[in-house]
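Here the structure is laid out as structure tokens; the discussion comes afterwards.
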Amino acid sequence: MRRVVGMDTEVRLREWTVWIPKLDPNHDGLRIGHVSDVHVGIVTPDQRIRNAVGLLAEASPDLCLLTGDFASRRPAPLARLGRLLTGLPVDSTYFVLGNHDHLVDAEQVTRELEGVGYTHLDNRHRTLNLRGAPLHVIGFDDPVTRRHRPAEAMRGVPELGTRVLLAHQAESVGEVLELGQHVDLCVSGHTHGGQIYVPGMTDALMAKLGLRHLRGLCRYDQHGPWLHVTHGVGAAVSPLRVASRPEVGLLTLRRDRSGVSFRG
């Protein structure tokens, strides 16, 4: 792909520390890898996807979460999706689908990822024993294509333990709160960090589309759960990125603070 002057498209690892009150002491220091919006196809170089997986695999997180939009615009590139994303720990990697996956071929995306050992959270949850304490991973399907069922995903989630939600679109966490439920952390993609990000202007335009949380680590609201919204790895239409470099995330959970820190 021709390099566009001023456009940095090399993927990077960004590290965040999330301070969660009442986090189980056994989960203090737990590390979560986050990948989203791979968009395999002609706009996203295959090597960038392999580099993203390599960065995360080298970091050796306790848990890897993939939050949708593996597809781009055509089904043909999906035949190499599993090969490009292989290398993450098969017993602790979970994924949900995004709007592009449903618009292109959700069944093939699912086959490719399950074929390399990753677990699809299709409006459901799994309880894991990590470091001797329960951690609940909860997955929503995509709200844009009306495939998500929050009540179904949250049904039966135990009260005790750390709750982590995978939702392609971060605003979905509001539906968890409407159910009277809670999560400690929600990881999402979909926005590409604005992709062409002009502070203030991009935020205002995206807010008109109902997307208030575009990038980085923030609260859903003043007292709501933490959200991590990644820039993602690829793109579906244009390779151009401004102030929104492709990335994978590494989130470290910490106990009993009310702040957040970042390096990367």
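Quick caveat, the model's predicted, so the values are computed rather than measured. Sequence positions, counted from 1, serve as the residue numbers for this chain.
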Separation between [atom1] of [X] and [atom2] of [Y], rounded to the nearest 0.5 Å:
X: Leu23; Y: Leu30; atom1: CG; atom2: CG; answer: 8.0 Å
X: Tyr94; Y: Leu128; atom1: OH; atom2: CG; answer: 4.0 Å
X: Asp69; Y: Gln169; atom1: CG; atom2: CD; answer: 10.5 Å

So [Y] and [X], do their side chains get closer than 4.5 Å, heavy atoms only?
X: Leu88; Y: Tyr118; result: yes
X: Glu15; Y: Thr252; result: no
X: Ile49; Y: Leu85; result: yes
X: His120; Y: Leu113; result: no
X: Val229; Y: Thr191; result: yes
X: Glu107; Y: Asp105; result: yes
X: Thr67; Y: Phe140; result: no

Would you kindly confirm whether [X] and [Y] end up in one hydrophobic cluster when ILVMFWY residues are joined by side chain heavy atoms under 4.5 Å apart?
X: Val164; Y: Tyr220; answer: no
X: Val53; Y: Phe95; answer: yes
X: Phe70; Y: Leu56; answer: yes

Distance only, no hydrogens: is a donor on one side chain within 3.5 Å (strictly under) of an acceptor on the other, for [X] and [Y]?
X: Ser244; Y: Gln195; value: no
X: His192; Y: His231; value: no
X: Thr162; Y: His27; value: yes

Would you say Arg163's side chain and Leu135's backbone share a donor-acceptor pair under 3.5 angstrom? no
For the pair Asp141 (side chain) and Asn123 (backbone), establish whether a donor and an acceptor sit closer than 3.5 Å, ignoring hydrogens and angles. no
Among His39, His190, His168, the one residue meeting ring pair (Phe, Tyr, Trp, His ring centres under 6.0 Å) with His100: His39
Answer yes or no for Arg219 and Trp226: cation-pi contact, defined as NZ/CZ to six-membered ring centre under 6.0 Å and angle to ring axis within 45°. yes
Report the C-alpha distance between Asp142 and Arg147 in whole Å, list the side-chain angles of each, state the deciding distance to 0.1 Å, and finish with yes or no for salt bridge (charged side-chain N to carboxylate O under 4.0 Å, His left out). CA-CA 5 Å; Asp142 172 58; Arg147 305 300 180 106; over 6 Å; no
At their closest point, which heavy atom of Ile42 faces which heavy atom of Arg74, and how far apart are they? CG2-NH2, 4.1 Å
Arg80/Asp46 salt bridge by N-O under 4.0 Å criterion: yes
Here's a test for you: under side-chain contact (heavy atoms from CB on, under 4.5 Å), which of Leu165, Leu253, Val173 qualifies with Leu185? Leu253
